[in-house]
Amino acid sequence: MSSLNAHTRPLILDGKAIGNQIQKEIKQQVDEFIFRTKRQPTLAVVLVGGDPASQVYVAHKEKGCAKVGLASQRHFLPEATTTGELLALVQQLNADPAVTGILVQLPLPKQIDGTAVLDAIDWRKDVDAFHPTNVGLLSQGRPRFLPCTPFGILQVLYRSGIKVAGKRVVVIGRSDIVGKPIAAMLVQRTGPFGPDFANATVTICHSQTPQLEEVTRSGDILIAAIGQPKFVTAEMVKPGAVVIDVGINRLESGLVGDVDYDGLLPTVSAITPVPGGIGPLTVTMLLHNTLLAARLQWGE
Ligand code: NAD
């Protein structure tokens, strides 16, 4: 990929196809696991309230489980649920040996202490990798679970042959879900795909970064996780850069990402579309983590 030429057609990174391929591989691994252990890993999906986007995400997760042969349980609680009630459910799921993964869909209603809830999940069942133990292990370069969206980004880069070692990576956004963990993964000496897909020089930008455009233009790889439609314009991108658009913004015209996709096409060497880029990988890596959690708990 070092010979990427800004003047040829950019490579469109097809997350949907990559996600489907990984799901096929996971299905085979799940089948083998169930054959050997005679037990089916189970993901408990917890949704509090009726947020429409969350309902869609939860449905995708349940469908994904069924597709690869994992079981799922749904626990839908009313909008007015208290922190205590949700913690009681989490404790019940922690104690249930049949439940191997627990996912609490975010965002939670305002009255709930989300940090207390995420902290309460047994870290061995923490398939989102938001528990401080899993975040700490990742930060130290010895992760058990990798958070789903950043893991999806790494899969897209790996399966598209885009090495990150020695590159300058700029991440826009410092969330605990995307920005911080993808930076933590790429800066390590090695990772799930070896040293070529780690060892980057990483810069994190955020809402208080001065001269943002100057920084983003230094990125050989630019990762946008901002939550603002078409925020990243061609002037903000180094010619020939690889652009990963994590954003999902719902406009009346449909879903758009955080980058101006059409505006960037003539400039970049590779880019993820929205939809069909990183989105499909998030569910896929959740399925991967659910199988991994079962292996951890059942001693496989
Ligand atoms: P967030 O709101 O938690 O964080 C957004 C970040 O963007 C913040 O750190 C903020 O500092 C930064 N930011 C905001 N305005 C900025 C500005 N003007 N200049 C520079 N930085 C700015 O968001 P998040 O949870 O990381 O999500 C980001 C986007 O990714 C959203 O569109 C979300 O829907 C999407 N997302 C997609 C997936 C997926 O599966 N593809 C998963 C998670 C999030």
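We count ligands from 1, going down the list as the structure has it; atoms in each ligand are counted the same way.
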Query - Region of Ile172 that comes within reach of ligand 1 [heavy atoms, distance under 4.0 Å] - result: side chain
Query raised in the report: Which of the numbered atoms in ligand 1 are below 4.0 angstrom from a heavy atom of Thr149?
Result: 40 (O), 42 (C)
Requested in this report: Count the heavy atoms belonging to other residues, nucleotides or ligands that lie under 6.0 Å from CD of Gln28, then report whether that count exceeds 12.
Outcome: no
Query - Exercise check, heavy-atom protein proximity under 4.0 Å to atom 9 (O) of ligand 1 - result: yes
Report task. Measure the distance from atom 12 (C) of ligand 1 to every protein heavy atom, then report the residue, atom name and distance (to 0.1 Å) of the closest one. Result -> Gly173 CA, 3.9 Å
Report summary line: When Leu286, Leu287, Leu103, Thr284 are each screened for side chain to side chain contact (heavy atoms under 4.5 Å, CB included) with Cys148, the one that passes is Leu286
Query raised in the report: Out of Pro229, Ala225, Gly152, Gly15, whose heavy atom sits nearest atom 6 (C) of ligand 1?
Result: Ala225
Query raised in the report: Which atoms from ligand 1 have a heavy atom of Gly247 less than 4.0 Å away?
Result: 29 (C), 30 (O), 32 (O), 35 (C)
Requested in this report: Just need the protein heavy atom nearest to atom 44 (C) of ligand 1, so name the residue and atom and give the distance.
Outcome: Val178 CG2, 4.0 Å
Requested in this report: Do me a favour and list the nearest non-hydrogen protein atom to atom 5 (C) of ligand 1 with residue, atom name and distance?
Outcome: Ile226 O, 3.3 Å
Query raised in the report: Is there a donor-acceptor contact under 3.5 Å linking the side chains of Thr282 and Thr149?
Result: yes
Query raised in the report: Any nitrogen or oxygen of Ile248, main chain or side chain, under 3.5 Å from a nitrogen or oxygen of ligand 1?
Result: yes
Query raised in the report: With a cut-off of 4.0 Å, which atoms of ligand 1 are near a heavy atom of Asn249?
Result: 32 (O)
**Report entry** Closest protein heavy atom (residue, atom, distance) for atom 15 (N) of ligand 1
**Finding:** Gln228 NE2, 3.0 Å
Report task. Examine Arg144 relative to Trp123 and say whether NZ or CZ is less than 6.0 Å from the centre of the six-membered ring and inside a 45° cone about the ring axis. Result -> no
Query raised in the report: Is there side-chain contact between Phe231 and Val259, with at least one heavy-atom pair below 4.5 Å?
Result: no
Query raised in the report: Is Val58 reachable from Leu106 through a run of I, L, V, M, F, W or Y residues, each pair having side-chain heavy atoms under 4.5 Å apart?
Result: no
Query raised in the report: Against heavy atoms of Phe231, which atoms of ligand 1 measure under 4.0 Å?
Result: 17 (C), 18 (N), 19 (N)
Query raised in the report: Below 4.5 Å, heavy atoms only, C-beta onward: do Val169 and Asp220 meet side chain to side chain?
Result: no
Requested in this report: Specify the closest pair of heavy atoms between Val104 and Asp128, including all atoms of both residues, with the distance to one decimal.
Outcome: O-OD2, 4.3 Å
**Report entry** Close-contact set for ligand 1 against Leu212 heavy atoms, below 4.0 Å
**Finding:** 19 (N), 20 (C)
Query raised in the report: Could an N or O of ligand 1 be found under 3.5 Å from any N or O of Ser175, whether backbone or side chain?
Result: yes
Report task. Could you tell me the residue and atom name of the protein heavy atom closest to atom 40 (O) of ligand 1, and the distance to it rounded to 0.1 Å? Result -> Thr282 OG1, 2.6 Å
Query raised in the report: Which residue holds the protein heavy atom closest to atom 29 (C) of ligand 1, what is that atom called, and what is the gap in Å?
Result: Gly227 N, 3.6 Å
Query raised in the report: Can you tell me which residue and heavy atom of the protein come closest to atom 11 (O) of ligand 1, and the distance to 0.1 Å?
Result: Ser207 N, 3.1 Å
Query raised in the report: Is there side-chain contact between Val202 and Lys167, with heavy atoms separated by less than 4.5 Å?
Result: no
Query raised in the report: How far is atom 30 (O) of ligand 1 from its nearest protein heavy atom, and which residue and atom name does that atom have?
Result: Val246 O, 3.5 Å
Query raised in the report: Hey, are His60 and Glu62 close enough side-chain-wise for a donor-acceptor pair under 3.5 Å?
Result: no
Query raised in the report: Against heavy atoms of Gly279, which atoms of ligand 1 measure under 4.0 Å?
Result: 40 (O), 41 (N)
Query raised in the report: Could you go step by step and tell me if Glu25 and Gln21 meet the side-chain hydrogen bond (donor to acceptor under 3.5 Å, both in side chains) rule?
Result: CA-CA 7 Å; Glu25 295 165 16; Gln21 173 58 32; 2.9 Å; yes
Query raised in the report: Are any of the side-chain heavy atoms of Asp260 and Val232 separated by less than 4.5 Å?
Result: no
